[in-house]
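One structure below.
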Amino acid sequence: MLNKYSKKDIPKLKRKLTKIFNKFILARDRKKFGGKCISCNSLATQAGHYFSTSQCPQPSMVYNERNVHGQDSHCNCWLHGNQNDYRLGLQKRYGYDVVEELNIQRSFKQNPWTAFEYQVMINEYEKKLKELM
């Protein structure tokens, strides 16, 4: 049931969405891109953001499928996303306009999501993940 959550449930729902979304990203990248890190082509073990969650904390960027891709832990953690090579990987996968599109999207103001919106997204990514399996 989608309406059973309140504002106090948002942190729990956000963690749940993050977990399922990251699983989806890794499964999608295994299927589409052979499970390779978008930045260096080694095995992707984490979901890394091009525009980091500290730069763009709005949910529309945190859970943006073009902003998040599989990365190895070295690129994602030690190289802080390996931005230059990540950009090149984005352009290779989606074309040269993708970085500008993401830049425009991150400039949009957004209200915080409600518990209902988080639950809708959880349901959506559970469905998408199931379809990939």
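Everything numeric in this text was worked out from a predicted model, so none of it was measured.
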Inset, instruction - Please work out whether the ring planes of Y63 and Y118 are parallel, tilted or perpendicular, with thresholds of 30° and 60°. - result: perpendicular
Inset, instruction - Run the salt-bridge test on D9 and K16 with the 4.0 Å N-O cut-off and return the result as yes or no. - result: no
Legend entry - Flag, side chain of Q71 to backbone of G81, donor-acceptor distance under 3.5 Å: yes
Inset, instruction - Determine whether M133 and F33 fall in the same hydrophobic cluster, where Ile, Leu, Val, Met, Phe, Trp and Tyr are linked whenever their side-chain heavy atoms lie under 4.5 Å apart. - result: no
Inset, instruction - May I ask you to decide if R106's main-chain N or O and Q58's side chain share a donor-acceptor pair within less than 3.5 Å? - result: yes
Inset, instruction - Is it possible for you to say whether L79 and Y50 belong to one hydrophobic cluster, with membership spreading through side-chain heavy-atom contacts below 4.5 Å? - result: no
Inset, instruction - Can you tell me which residue pairs pass the salt bridge (charged side-chain N to carboxylate O under 4.0 Å, His left out) test with a partner in residues 30-49, sequence neighbours excluded? - result: none
Legend entry - Reference residue D85; test side chain to side chain contact (heavy atoms under 4.5 Å, CB included); the match among C40, C75, S39: S39
Inset, instruction - Determine, using the 4.5 Å side-chain heavy-atom cutoff (strictly less than), whether V99 and V68 are members of one ILVMFWY cluster. - result: no
Inset, instruction - Examine distances only and state if a side-chain atom of N67 and a backbone atom of M61 form a donor-acceptor pair shorter than 3.5 Å. - result: yes
Inset, instruction - State the CD-CD distance between Q105 and Q110, to the nearest 0.5 angstrom. - result: 11.0 Å
Inset, instruction - Might you work through the side-chain contact (heavy atoms from CB on, under 4.5 Å) test for N123 and K127, ending with a clear yes or no? - result: CA-CA 6 Å; N123 293 347; K127 180 181 170 190; over 6 Å; no
Inset, instruction - With N76 as reference, evaluate H49, Q46, H69 under the side-chain hydrogen bond (donor to acceptor under 3.5 Å, both in side chains) test and give the passing residue. - result: Q46
Inset, instruction - Nearest 0.5 Å please: distance from the CZ atom of R15 over to the CD1 atom of I10. - result: 12.0 Å
Inset, instruction - Enter the distance from E65:CD to Y125:OH here, rounded to the nearest 0.5 Å. - result: 3.5 Å
Inset, instruction - Answer yes or no: is there a donor N or O on one side and an acceptor on the other, between the side chain of E117 and the main chain of T114, under 3.5 Å? - result: yes
Legend entry - Residues, nucleotides or ligands: over 12 heavy atoms within 6.0 Å of K128 NZ: yes
Inset, instruction - Find out if a path of hydrophobic residues (ILVMFWY) with successive side-chain heavy-atom gaps under 4.5 Å connects L102 to L88. - result: no
Inset, instruction - Could you tell me whether a side-chain N or O of R66 sits under 3.5 Å from a main-chain N or O of Y94, the two making a donor and an acceptor? - result: no
Inset, instruction - To the nearest 0.5 angstrom, please state how far the CG atom of L26 sits from the CG atom of L132. - result: 11.0 Å
Inset, instruction - Establish whether V62 and F51 are linked, either directly or via other cluster members, by ILVMFWY side-chain heavy-atom contacts under 4.5 Å. - result: no
Legend entry - Atom pair CD1 (I20) and CD1 (I122), whose distance is rounded to the nearest 0.5 Å: 8.5 Å
Inset, instruction - For residues A47 and N22, report the shortest heavy-atom separation together with the two atoms involved. - result: CB-OD1, 3.4 Å
Legend entry - Atom pair CD1 (I25) and CG (N64), whose distance is rounded to the nearest 0.5 Å: 8.5 Å
